Amino acid sequence: MNDVEKPMLELLIAAPRGFCAGVDRAIRIVELAIERYGAPVYVRHEIVHNKYVVDTLKAKGAIFVEELDQVPDDVPVVFSAHGVPKAVPAKAEARGLSYLDATCPLVSKVHRQAERLVAAGRHIIFIGHAGHPEVIGTFGQVPEGNMTLVETAADVASLSVPDPENLAFLTQTTLSVEDTAAVLAALRVRFPSIVAPHADDICYATTNRQTAVKAIAGSVDLVLVIGAPNSSNSLRLVEVAEREGTPARLIQRAQDLDFAWLDGVGSLGITAGASAPEVLVREVVARLAERFEVLEREVETTRETIAFKLPRGLEAA
């Protein structure tokens, strides 16, 4: 098939998309640790939820494990961007392990809020997804029994709390703004005196990527979200597009693209979760160009300029 015979495909690419400042920082911490200490450097849990990123770091000398027990003595270990319970660095210190904490500063902010609220005697209702590393890490900042998880507005009705007049709430940073709003509305109806955090916990990057998807979803027939199936913020982007009335698919790589999805599709939206590098976006566009005459346009809703500092000791690496 020559270029003249290719069908036209209008491509709207959301911006912002892909890597956020917290992910950039976490990946850089692993790379600098390998440069400074030499391979291997161990990483507890996937540094971010993206197979391409993890495989790239493995090739440079990172070894990914799920538990600290799998880390040998006398080698450095990095904690993932999602954050870890306090017991993990405490255990590393007890073993004399050198560690670097790549927790996203916005997640660390939620950790500190949890500590302050519990110190003030409040019980915390935490809005998040059970089993997600960020949720596990946040629960691990305070003594057991001081925090209760809710996932949906429906969960609020069955909540049992020690003192309904002495509650506060916090949220996972990668949730959908709409879903969180529904849970908060239910909480405020049932517990009118519940205390809100000083600022919204949903991170700027999550909000910005959801806003960007909304900006393109109404103008396309299908949205492709590039991200991992265990990436909370990527899954939320799929939901946001679908909430706008547009079908959406989550793919990890260009090879996951099924051209049958594009039957009857004249306009396609593309975005990427906060853990997905831009190279994967370009890979998908290149694959589309094999079958279509692609008319590509970026739709930018805001420009991100945030950067986070590296941990002390790595800045000059």
Side-chain angles (χ1 to χ4, degrees), residues 1-20 23-24 27 46 48-59 174 176 178 205-305:
M1 182 183 282
N2 62 42
D3 287 349
V4 177
E5 295 170 319
K6 288 181 181 178
M8 300 291 284
L9 180 67
E10 182 187 17
L11 195 59
L12 299 187
I13 302 185
R17 63 182 175 277
F19 278 1
C20 62
V23 166
D24 262 332
I27 293 168
E46 291 183 345
V48 297
H49 286 156
N50 187 274
K51 186 178 186 300
Y52 178 90
V53 170
V54 168
D55 288 346
T56 301
L57 292 172
K58 280 180 181 175
T174 53
S176 130
E178 286 86 353
T206 297
T207 302
N208 287 350
R209 278 149 192 72
Q210 291 176 15
T211 300
V213 165
K214 285 181 192 173
I216 64 170
S219 305
V220 296
D221 302 315
L222 174 71
V223 171
L224 291 180
V225 177
I226 301 166
N230 61 339
S231 164
S232 176
N233 77 86
S234 300
L235 293 169
R236 302 295 80 76
L237 292 174
V238 172
E239 293 170 359
V240 167
E242 290 175 339
R243 197 176 275 122
E244 295 294 306
T246 305
R249 299 271 188 170
L250 181 72
I251 59 172
Q252 296 199 71
R253 299 289 299 269
Q255 65 204 33
D256 302 328
L257 174 62
D258 184 345
F259 281 109
W261 300 341
L262 302 181
D263 288 348
V265 169
S267 55
L268 178 68
I270 290 184
T271 189
S275 316
E278 181 65 12
V279 64
L280 300 187
V281 176
R282 301 321 308 172
E283 181 185 270
V284 170
V285 175
R287 181 142 194 257
L288 289 167
E290 293 170 10
R291 297 278 189 100
F292 297 94
E293 187 67 39
V294 174
L295 297 174
E296 181 181 336
R297 179 162 65 90
E298 184 175 77
V299 178
E300 185 177 71
T301 50
T302 189
R303 190 158 293 184
E304 294 177 347
T305 57

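Because the structure is predicted, anything quoted here is derived from the model rather than measured. Below, all heavy atoms of this structure are taken into account, side chains as well, without hydrogens, waters or symmetry copies.
With sequence neighbours excluded, the residues satisfying side chain to side chain donor-acceptor pair (under 3.5 Å) with R282 are E296. Judged as a side chain to side chain donor-acceptor pair (under 3.5 Å), and not counting sequence neighbours, the contacts of N208 are E304.
In this structure, S267 contributes its side chain and D221 its backbone to a donor-acceptor pair below 3.5 Å. Of the possible donor and acceptor atoms, none in the side chain of E244 sits under 3.5 Å from a partner among the backbone N and O of A217. At distances below 3.5 Å, not a single donor-acceptor pair connects side-chain atoms of R297 with backbone N or O atoms of L12. Put simply, the side chain of T246 never gets that close to the backbone of E242: no donor and acceptor are under 3.5 Å apart. Listed for the K6 side chain is a donor-acceptor partner under 3.5 Å among the backbone atoms of A289. One N or O on the side chain of D256 and one on the backbone of R253 form a donor-acceptor pair closer than 3.5 Å.
Scanning both residues, L295 and M8, for their nearest heavy atoms gives CD1-CE, 3.3 Å. Annotation for I216 and A14: closest pair CD1-CB, 3.9 Å, computed over non-hydrogen atoms. The two atoms that bring A215 and T301 nearest to each other are CB-CG2, 3.5 Å, heavy atoms only. Closest non-hydrogen pair, N50 versus V53, comes out as OD1-N, 3.1 Å. Taking every heavy atom of both residues into account, Y52 and P277 meet most closely at CD2-CG, 3.6 Å. The two residues L250 and A228 have their closest heavy-atom pair at CD2-O, 3.7 Å.
Within the model, atoms CD1 of I226 and OG1 of T271 stand 8.0 Å from one another, a figure rounded to the nearest 0.5 Å. Separating the CZ atom in R243 from the OG atom in S176 is a distance of 4.5 Å, to the nearest 0.5 Å. R249 CZ to L268 CG: the interatomic distance, rounded to the nearest 0.5 Å, is 12.0 Å. Rounding to the nearest 0.5 Å gives a distance of 6.0 Å between CD of Q210 and CG of L237.
Seen from the ring of F259, R291 counts as a face-on cation partner, given the 6.0 Å and 45° thresholds.
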For this session: Go through I13 and V285 one step at a time and tell me if the side-chain contact (heavy atoms from CB on, under 4.5 Å) criterion holds.
Result: CA-CA 10 Å; I13 302 185; V285 175; 4.1 Å; yes

For this session: Before giving the answer on side-chain contact (heavy atoms from CB on, under 4.5 Å), spell out for F292 and L262 the whole-Å C-alpha distance, their side-chain angles and the decisive distance to 0.1 Å.
Result: CA-CA 10 Å; F292 297 94; L262 302 181; 3.5 Å; yes

For this session: Could you give me the CA-CA distance, side-chain angles and deciding distance for I270 and V284, then say whether side-chain contact (heavy atoms from CB on, under 4.5 Å) is met?
Result: CA-CA 9 Å; I270 290 184; V284 170; 3.8 Å; yes

For this session: Start with the C-alpha gap between W261 and I251, add the side-chain angles, then the distance that decides, and say whether side-chain contact (heavy atoms from CB on, under 4.5 Å) holds.
Result: CA-CA 12 Å; W261 300 341; I251 59 172; 3.6 Å; yes

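At least one side-chain heavy atom of L288 sits less than 4.5 Å from a side-chain heavy atom of L257. At least one side-chain heavy atom of F19 sits less than 4.5 Å from a side-chain heavy atom of I27.
Under the 4.0 Å criterion applied to side-chain N and carboxylate O atoms, E298 and R17 are assigned as salt-bridge partners.
Residue pairs meeting the side-chain hydrogen bond (donor to acceptor under 3.5 Å, both in side chains) criterion with at least one member in residues 224-241, sequence neighbours excluded: E46-N230, H129-R236, Q172-S232, T174-S232, S231-N233, S231-S234, S232-R236, R236-E239.
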